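Nothing here was measured: the structure is a model prediction, and the numbers come from that model. Naming convention: chains lettered A, B, ... in sequence-line order (proteins, then strands); numbering from 1 in each chain.
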There are 2 protein chains.
Amino acid sequence: MNEQDFLAAYDPHAYPAVAVTVDVVALTIRDGALHLLLIRRGEQPHAGLWALPGGFVRPDEDLVTAARRELAEETGLAGEPLRRVHVEQLASYGAPDRDPRMRIVSIAHLAFAPDLPDATAGTDADEAAWVAVAELTNRQLAFDHGQIVADGLERARSKLEYTPLATRFLAPEFTIGELRAVYETVWGHQLHAGNFHRKVLSVPGFVESTGASTERGGTRGGPRARLYRAGDARLLHPALLRPALLRPAREETVR
Amino acid sequence: MNEQDFLAAYDPHAYPAVAVTVDVVALTIRDGALHLLLIRRGEQPHAGLWALPGGFVRPDEDLVTAARRELAEETGLAGEPLRRVHVEQLASYGAPDRDPRMRIVSIAHLAFAPDLPDATAGTDADEAAWVAVAELTNRQLAFDHGQIVADGLERARSKLEYTPLATRFLAPEFTIGELRAVYETVWGHQLHAGNFHRKVLSVPGFVESTGASTERGGTRGGPRARLYRAGDARLLHPALLRPALLRPAREETVR
DNA sequence: GCAATAGTGTCTATTAGACAATATTTG
DNA sequence: CAAATATTGTCTAATAGACACTATTGC
């Protein structure tokens, strides 16, 4: 049998029924705090619980395309603002009993977005909202989404060390102080302003100067700051390592 | 409708037909060279081409369990030797046209194994063999397995920097020289013996002394070396960073 | 003026890495 | 003994981080 005959005779339904979804851990910074996009489930199972935005992968869609589509549906983003959001694959979750309906394998994604307007509920959800990560400890999330969020947060903290992705939380032009605020927010730890400033400028390709400065100083005083944009480096070398205190004992749990 | 009624009425076949497989990038070191486990496909599509071991995820199996099962089938490993193999999730690959049969999403895994006996072909394969990674540049692999292998190799090189997983390529007791040979093989670069030795012993929890030494010196002379076993650290801090020359310009491509 | 912030200078401890030296073992 | 290897010593450059200082701006 040659390959063409084989394909013509092939029956896709001969294989076990598994559904594939994407879920998105979308992070942004609002009012100086790290926020996560959640939806309140409008349907069973787990109706009424908060969950990650996500849904089934459509037939002609790439995985990351599906994740971007789900994100767009819940945030109302499109065009250039959507393109500015960084989306990457996080990990896949496929424990047999993670969803009571059937075997569902979810490819989780991680997204970094600049400060966005309020979320707008999509079709599957009663409600969509940016929730402060600090308030998540109380809340029970649907399915295994608590674990996915934990893995996403650890990945985000780690990504800030060795990639320039912190800039994705900011507008195209930003000050070093704003960049430092991103690190402090995601890592949950104050950094030394002077050392951070020098370190960022010393890493090749992290940021490049626009030549301009802010129009005004800070709201509580201080000089005008120079403006920078993201440079062309994709990896930071040397990296901005987290203080030893903030380092996990082991890596994220991935299933 | 409550959750129980909902589940009773639920029809799994209402969702798009997608199959989920696992593939395994299994690495080992043989004769001082990095080797990869490949099978020659016995069935269409891509019959006759070399491919990664892998297959459909069974209904009650976790993803990593499925990967270990596929690995066991092709290597003939079981019990303690199989437990000594490190398996972790690598990434998922789900481009709509990556398999001509139907939509297949593959959860790729990465495995580190000590030197293993020759592979034994499983049911789906004509042949299974450990192939030197250096010889892969010529060979065309089935599906998108070339990309998966490239991502796996980059992940392996990176993992050696910040985890103690290099020890998984070795027997339970090993010398610092053997550990250095793992790094040199995976990174493809000679390291300075003296500096490496001191560095490994200075990282807390990387290795611990057994108190014993080898029975004999090296085949070409030299003193007996002290024996070590893996320590309890799960992450190395400070890390053993690759020389800047060996660093990629960007991260692995993950789809 | 006062407080806050940007940006720079300086010093110390840690680490990476080059290079050297010594001891031990095989053939 | 010659060559190879393990292990330790020493020195230099790079980096992280503590701390201090000056300049500029909002209120």
Side-chain angles (χ1 to χ4, degrees), chain A residues 32 160-162 170 173-184 187 189-204 206-228 235-247, chain B residues 32 160-162 170 173-184 187 189-204 206-228 235-247:
Chain A
L160 258 54
E161 294 189 279
Y162 63 94
L170 298 171
E173 299 196 353
F174 51 84
T175 68
I176 301 297
E178 290 166 344
L179 185 62
R180 177 166 48 84
V182 171
Y183 277 87
E184 291 178 338
W187 285 352
H189 192 265
Q190 297 285 111
L191 300 174
H192 186 281
N195 290 340
F196 181 87
H197 194 278
R198 186 169 2 153
K199 171 76 183 179
V200 166
L201 296 186
S202 77
V203 177
F206 190 0
V207 300
E208 59 185 32
S209 176
T210 67
S213 292
T214 53
E215 290 294 318
R216 301 180 31 89
T219 50
R220 285 162 291 184
R224 299 175 185 178
R226 292 176 208 153
L227 286 168
Y228 297 84
L235 291 174
L236 303 183
H237 182 71
L240 279 84
L241 296 180
R242 274 178 281 184
L245 282 175
L246 305 179
R247 198 166 291 286
Chain B
L160 259 54
E161 293 190 278
Y162 63 94
L170 298 171
E173 299 197 351
F174 50 84
T175 67
I176 302 296
E178 290 166 344
L179 185 61
R180 177 166 49 84
V182 172
Y183 277 87
E184 292 178 337
W187 286 350
H189 193 266
Q190 296 286 110
L191 300 175
H192 186 282
N195 289 340
F196 181 87
H197 193 279
R198 184 160 9 132
K199 172 75 183 178
V200 165
L201 295 186
S202 77
V203 176
F206 189 0
V207 298
E208 59 184 31
S209 175
T210 66
S213 292
T214 53
E215 290 295 318
R216 300 178 34 87
T219 51
R220 285 163 293 186
R224 298 175 185 179
R226 291 177 210 156
L227 285 168
Y228 296 85
L235 291 173
L236 303 183
H237 182 72
L240 279 85
L241 296 180
R242 273 178 282 186
L245 282 174
L246 305 180
R247 198 166 291 285

Query - Nearest non-hydrogen partners of S209(A) and G211(A), listed with the distance - result: OG-N, 3.0 Å
Requested in this report: Give, ordered by number, those residues of residues 219-226 of chain B having at least one heavy-atom distance below 4.0 Å to an atom of DNA chain C; if nothing qualifies, reply none.
Outcome: T219(B), G221(B), G222(B), P223(B), R224(B)
Report task. Could you check if a side-chain atom of L179(B) sits within less than 4.5 angstrom of a side-chain atom of F196(B), using non-hydrogen atoms only? Result -> yes
Query raised in the report: Centres of the F174(A) and Y228(A) rings: under 6.0 Å?
Result: no
Query - Interface residues of residues 173-181 of chain B with DNA chain D (non-hydrogen, below 4.0 angstrom) - result: G177(B), R180(B)
Query raised in the report: What is the minimum heavy-atom distance between A244(A) and H237(B), and which atoms define it?
Result: CB-NE2, 4.1 Å
Report summary line: Between P243(B) and L227(A), the residue closer to the 5' end of DNA chain C by nearest nucleotide is L227(A)
Query raised in the report: When you measure from the side chain of Y162(A) to the backbone N and O of L240(A), does any donor-acceptor pair fall under 3.5 Å?
Result: no
Report task. Report yes or no: does R224(B) contribute a side-chain atom to a donor-acceptor pair with the main-chain N or O of R216(B) at less than 3.5 Å? Result -> no
**Report entry** Any side-chain heavy-atom pair of P243(A) and H189(A) under 4.5 Å
**Finding:** yes
Query raised in the report: When you match G218(A) and R216(B) each to their closest nucleotide on DNA chain C, which lands nearer the 5' end?
Result: G218(A)
Report task. Enumerate the residues from residues 194-202 of chain A whose closest heavy atom to DNA chain C is under 4.0 Å, giving them by residue number; use none for an empty result. Result -> G194(A), H197(A), R198(A)
Query - Pairs involving residues 191-202 of chain B, ordered by first then second residue, that meet side chain to side chain donor-acceptor pair (under 3.5 Å) (sequence neighbours left out) - result: N195(B)-R198(B)
Report task. Have a look at A244(A) and say if it touches a base, only the backbone sugar-phosphate, or nothing, with a 4.0 Å heavy-atom cut-off. Result -> nothing
Query - E161(A) and Y183(A), any side-chain heavy atoms less than 4.5 Å apart - result: no
Requested in this report: Would you grab the first and last nucleotide of DNA chain D (5' to 3') that comes under 4.0 Å of any non-hydrogen atom in chain B?
Outcome: dA4(D) to dT10(D)
Query - Start and end of chain B contact along DNA chain C [non-hydrogen atoms, under 4.0 Å] - result: dT15(C) to dG27(C)
Report task. Flag the pair L170(B) / E178(B) as yes when at least one side-chain heavy-atom distance between them is below 4.5 Å, and no otherwise. Result -> yes
Query raised in the report: Are any of the side-chain nitrogens in E173(B) or R226(B) under 4.0 Å away from the carboxylate oxygens of its partner?
Result: no
Query - Non-hydrogen side-chain atoms of L241(B) and R247(B) separated by less than 4.5 Å - result: yes
**Report entry** Validation row: L227(A), T175(A) side chains within 4.5 angstrom (heavy atoms)
**Finding:** yes
